[in-house]
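Every heavy atom of this structure was used, including side-chain atoms; hydrogens, water molecules and symmetry mates were not.
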Amino acid sequence: MKLPIELVVLGDLGQTEWTNSTLEHVQQKDYDVFLLPGDLSYADTEQPLWDSFGPLVEPKTMDDHDRQPRG
C-alpha cells in the first residue's frame with residue numbers, strides 16, 4: 001500500500017458552468033480515492049437532468065480499469 005493515501009472529496013457537484021472545470025481540475029491530480037457524496041445532479045424529479053449527469057461525470061471520474069466492456 002502506498003502511503004500517504006491521496007483522496008479527493010467533491011460534494012454537491014451539480015450541473016453548472018463550474019462543473020466541467022472542477023472535474024478537469026481534479027482529473028489533473030494523482031489521487032487514490034475519489035468520493036462524490038451529497039447532491040449530485042440536482043435533478044430532483046427531472047429525468048433529463050439525471051440522463052445528462054452520467055455522461056458529464058463518467059469520463060472524468062472513471063479510470064480505464066473501472067470501465068466494463070458493453071455488449
Original post:
Just wondering, more than 12 heavy atoms not from Trp18 lying within 6.0 Å of its CH2?
Top reply: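 Atom CH2 in Trp18 is not crowded, with 12 or fewer foreign heavy atoms closer than 6.0 Å.
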**OP:** Can you see which heavy atom on Leu23 is nearest to which on Phe34, and at what distance?
**Re:**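 Closest heavy-atom pair between Leu23 and Phe34: CD2-CZ, 4.3 Å.
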Nearest 0.5 Å please: distance from the [atom1] atom of [X] over to the [atom2] atom of [Y].
X	Y	atom1	atom2	value
Glu24	Thr19	CD	OG1	11.0 Å
Leu49	Gln15	CG	CD	5.5 Å
Asn20	Leu13	CG	CG	9.0 Å

Subject >> Shared hydrophobic cluster, Tyr31 / Leu10 (ILVMFWY, side-chain heavy atoms < 4.5 Å) >> reply: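 In one cluster: yes.
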Original post:
Hey, does the side chain of Asp32 reach the backbone of Glu6 with a donor-acceptor pair shorter than 3.5 angstrom?
Top reply: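 Yes; judged by distance alone, with no hydrogens or angles, the pair exists.
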Original post:
Heavy-atom distance under 4.5 Å between the side chains of Tyr42 and Thr16, does that happen here?
Top reply: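 Not touching, per the 4.5 Å side-chain cut-off.
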